[in-house]
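What follows is one structure encoded as structure tokens, with my remarks underneath.
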Amino acid sequence: MRLYLNPNADAFEQDKNTKIYVDKSKVILELNELANSRQNFVCLSRPRRFGKSMIGNLISAYYSKGCDTRDVFSQMKVGEIDGFDKYLNKLNVIKLDMNGWYQRSIQKNRKDELFTDIHNALREEFVEEFPTIKFDENDVIDECILKVYAKTGEKFVFIIDEYDVLVREQVSETLFQTYLSFLNSLFKNGTLRPALALAYITGIIPVVRDKVQSKLNEFREYTMIDAQQFAGMIGFTKEEVIDLCKQYGLDIEECKRWYDGYKMSPAVELFNPLSVVRAIESKEFDSYWTATSSFEVLKDYIMMDFNGIKQDVISMISGASVPVNVTKFKNTLDSITNKDNAFTYLIHLGYLCYNSKDKTCHIPNEEVRREWINSIEDEEDYSKVMAVVNASKRLLDDTINGDEEAVAKALDASHTEVTSHWTYNNEHSLHSAIYLAYFYANTKYTVIKELATGKGFADMALIPYVPNVPAMVIELKHNNTTETAIQQIKDKVYDERLHHYRGNLLFVGINYEEKTKTHTCKIERLEV
């Protein structure tokens, strides 16, 4: 059995045998469109644990001549399409997991010999796979491919998982240059290019500019910022999660609040797949993806001393979006020299989501937002913000108990921490202050911003997912009155999610007075 050249489908079969498996086989249709064309070099980047390796296993099992997977793929979504078997088990596949190779080189104290070991292992498998072709003992991978192509005309699919591990690990310059030479021999070799039907590389960050781009400028990139036709191919789409929630009895609204938020295109929303699966298995919503990595990874970047970063961090924790320029990041850690680059990197890591329409970023969901809170919890620069967060439990109790004065004072404190002197009276900052002040509400409520009504939107609604607490509708006013806010709530017609809370529903009217920089509050309980 060969491990790297024309591997079998065991890894793919293991993936498919997982209890909760989502069929992403239609990615094959997109790749087949690109195979054997001038667009057949694909770099697809996604955050860790989003399913990149599983897609790599699927692709390998489809193309590899080392297995027969017709029966499997014919019963999957791709098998419903005429011509799905265009390249099925017809190409030579070379599949490399760069992280696996790198970790083994560390264990064996052979980092300097990493690529020598890769070439040697592949050459041995070429000798076994093609016994009638003569390979020299010093042949490297590209020479082996060329010999096969020259003798047989057979083409290859090259798959590299975690291609960027040596970038993220910030290895020595010598090892990095050796890696560049390795990539150059494979993907900048004009003679070799016709022998490659498809090259598919994945990683967390896109192709590194300056250092690697000249070696990989043939690759078309599909990223968290610009995913194009591959938007829904890695990670779970909204439609897939709705089906899973129905199948396993999971609350779709809570699942969305916890794990959604990655809007990859106007038509595609992505959920974190690992967290959705864990929530189904445990029947409980919690932080699963963030638990697989230390929050120090996030903390390292949001604590950097860049102009404006603290204000933007507070705004995003409060639920707001902030502008970001994603065009200047060179996709290397040493190029993170300003706030925009830091936020762009966090988008690729999955800690932020990018809105291409208005060029802003925001924290995607509740799971990730809690990780942001963890990362600033013990930091002196954010102590006052944490005081607001920690006081939010008392604020929720005061709201439920109808203590209007206490609610107003808590919002004064939150507004002060959310805003800077030039945005204090901005209506956007008022909304952010409310979201931050009610941070604790997320432990009992689904918090909906701009709840759709029969007549416009309510500014905020809190719909409980635990028993014996009232639902709330919050209306915000600026230089107006709380009475006007309450009346506006009463005049609106609410959707079905609030109908069965009649008799246990609070109307909360809040007004911010610009001259005095104070809030007033009025709370009424709806009785039917």
Side-chain angles (χ1 to χ4, degrees), residues 11-12 14-24 27 43-60 95 97-103 159-165 167-169 200-206 222-225 227 230-238 240-241 244 250 255-264 268-282 284-301 345-354 363-372 374-375:
F12 170 60
Q14 279 190 332
D15 293 340
K16 266 197 101 274
N17 290 336
T18 304
K19 178 181 177 182
I20 302 170
Y21 179 79
V22 174
D23 184 344
K24 312 295 285 191
V27 69
C43 175
L44 207 156
S45 60
R46 292 293 185 274
R48 60 184 176 81
R49 309 301 292 272
F50 259 58
K52 298 186 297 295
S53 295
M54 291 181 71
I55 295 298
N57 294 337
L58 181 148
I59 294 169
S60 175
K95 185 170 181 286
D97 172 11
M98 283 307 302
N99 183 57
W101 276 101
Y102 178 66
Q103 297 304 326
I159 302 170
I160 302 181
D161 192 15
E162 298 207 54
Y163 97 92
D164 59 335
V165 63
V167 179
R168 291 183 280 111
E169 293 290 334
Y200 177 88
I201 65 175
T202 71
I204 292 176
I205 56 179
Y222 304 90
T223 72
M224 291 295 287
I225 291 171
F230 291 96
M233 298 303 175
I234 296 183
F236 290 173
T237 65
K238 181 179 179 180
E240 290 165 343
V241 172
L244 288 173
L250 209 62
C255 194
K256 183 174 182 178
R257 185 175 70 85
W258 271 90
Y259 310 125
D260 189 14
Y262 301 97
K263 196 166 182 64
M264 305 298 290
V268 177
E269 291 181 37
L270 277 193
F271 286 62
N272 185 310
L274 178 141
S275 296
V276 171
V277 169
R278 295 283 175 84
I280 290 172
E281 292 172 341
S282 64
E284 183 178 355
F285 296 104
D286 206 340
S287 299
Y288 300 109
W289 177 70
T290 54
T292 64
S293 177
S294 169
F295 63 75
E296 297 294 333
V297 175
L298 170 62
K299 185 175 183 176
D300 286 345
Y301 296 100
Y345 184 51
L346 293 176
I347 291 169
H348 292 303
L349 291 180
Y351 289 107
L352 289 174
C353 180
Y354 181 62
I363 298 172
N365 53 50
E366 179 61 21
E367 177 181 32
V368 179
R369 191 160 75 114
R370 293 190 179 198
E371 189 75 347
W372 282 72
N374 289 338
S375 68

How far does [atom1] of [X] sit from [atom2] of [Y], to the nearest 0.5 angstrom?
{"X": "Asn99", "Y": "Trp101", "atom1": "CG", "atom2": "CH2", "value": "13.0 Å"}
{"X": "Tyr200", "Y": "Lys52", "atom1": "OH", "atom2": "NZ", "value": "9.5 Å"}
{"X": "Glu162", "Y": "Met98", "atom1": "CD", "atom2": "CE", "value": "10.0 Å"}
{"X": "Thr237", "Y": "Leu270", "atom1": "OG1", "atom2": "CG", "value": "7.5 Å"}
{"X": "Cys353", "Y": "Ile225", "atom1": "SG", "atom2": "CD1", "value": "10.5 Å"}
{"X": "Leu298", "Y": "Thr290", "atom1": "CG", "atom2": "OG1", "value": "10.0 Å"}

Give the minimum heavy-atom separation between [X] and [Y], together with the two atoms involved.
{"X": "Ile159", "Y": "Gly56", "value": "CD1-O, 4.1 Å"}
{"X": "Ile55", "Y": "Met233", "value": "CD1-O, 3.5 Å"}
{"X": "Thr223", "Y": "His348", "value": "CB-CE1, 4.1 Å"}
{"X": "Tyr351", "Y": "Trp372", "value": "O-NE1, 3.1 Å"}
{"X": "Tyr222", "Y": "Arg46", "value": "O-NH1, 3.2 Å"}
{"X": "Ser45", "Y": "Ile204", "value": "CB-O, 3.7 Å"}

Are the side chains of [X] and [Y] in touch, meaning some heavy atoms are under 4.5 Å apart?
{"X": "Asp260", "Y": "Asn365", "value": "no"}
{"X": "Ser287", "Y": "Glu371", "value": "no"}
{"X": "Tyr262", "Y": "Val368", "value": "yes"}
{"X": "Val241", "Y": "Cys255", "value": "yes"}
{"X": "Leu250", "Y": "Leu244", "value": "no"}

* Identify, with sequence neighbours excluded, every residue that meets side-chain hydrogen bond (donor to acceptor under 3.5 Å, both in side chains) alongside Asp15. =>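 Asp15: side-chain hydrogen bond (donor to acceptor under 3.5 Å, both in side chains) contacts with Asn57.
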* Asked: Excluding sequence neighbours, so at least two apart, what forms side-chain hydrogen bond (donor to acceptor under 3.5 Å, both in side chains) with Lys299?
  ->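 Residues passing side-chain hydrogen bond (donor to acceptor under 3.5 Å, both in side chains) with Lys299: Glu379.
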* Asked: Mind checking what makes ring pair (Phe, Tyr, Trp, His ring centres under 6.0 Å) contact with Phe271, not counting sequence neighbours?
  ->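 Ring pair (Phe, Tyr, Trp, His ring centres under 6.0 Å) check on Phe271 returns nothing, list empty.
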* To do: Would you please classify the geometry between the Phe285 ring and the Trp258 ring as parallel, tilted or perpendicular, with 30° and 60° separating the classes?
  => parallel
* Lys263: partners by side-chain contact (heavy atoms from CB on, under 4.5 Å), with sequence neighbours left out -> Glu269
* For Ala231, side-chain contact (heavy atoms from CB on, under 4.5 Å) partners two or more places apart -> Ala227, Met264, Ser265, Val268
* To do: Return yes if some donor-acceptor pair links the side-chain N/O of Lys24 with the main-chain N/O of Gly235 below 3.5 Å, else return no.
  =>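 Side chain of Lys24 to backbone of Gly235, a donor-acceptor pair under 3.5 Å: yes, one is there.
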* Can you check whether Gly203's main-chain N or O pairs, donor with acceptor, with Asp164's side chain at less than 3.5 Å? ->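 The answer is no, because no donor-acceptor pair under 3.5 Å joins these two groups.
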* Applying side-chain contact (heavy atoms from CB on, under 4.5 Å), run through Thr202 and Tyr163 and close with a yes or a no. => CA-CA 6 Å; Thr202 71; Tyr163 97 92; over 6 Å; no
Pairs under 3.5 angstrom only: tabulate donor-acceptor contacts from the side chains of residues 274-281 to other protein residues two or more places apart or in another chain.
{"residue": "Ser275", "atom": "OG", "partner": "Trp289", "partner atom": "N", "Å": "3.2"}
{"residue": "Ser275", "atom": "OG", "partner": "Glu367", "partner atom": "OE1", "Å": "2.9"}
{"residue": "Ser275", "atom": "OG", "partner": "Glu367", "partner atom": "OE2", "Å": "3.0"}

* For Arg49, does the CZ atom have more than 12 heavy-atom neighbours from other residues, nucleotides or ligands under 6.0 Å away? -> no
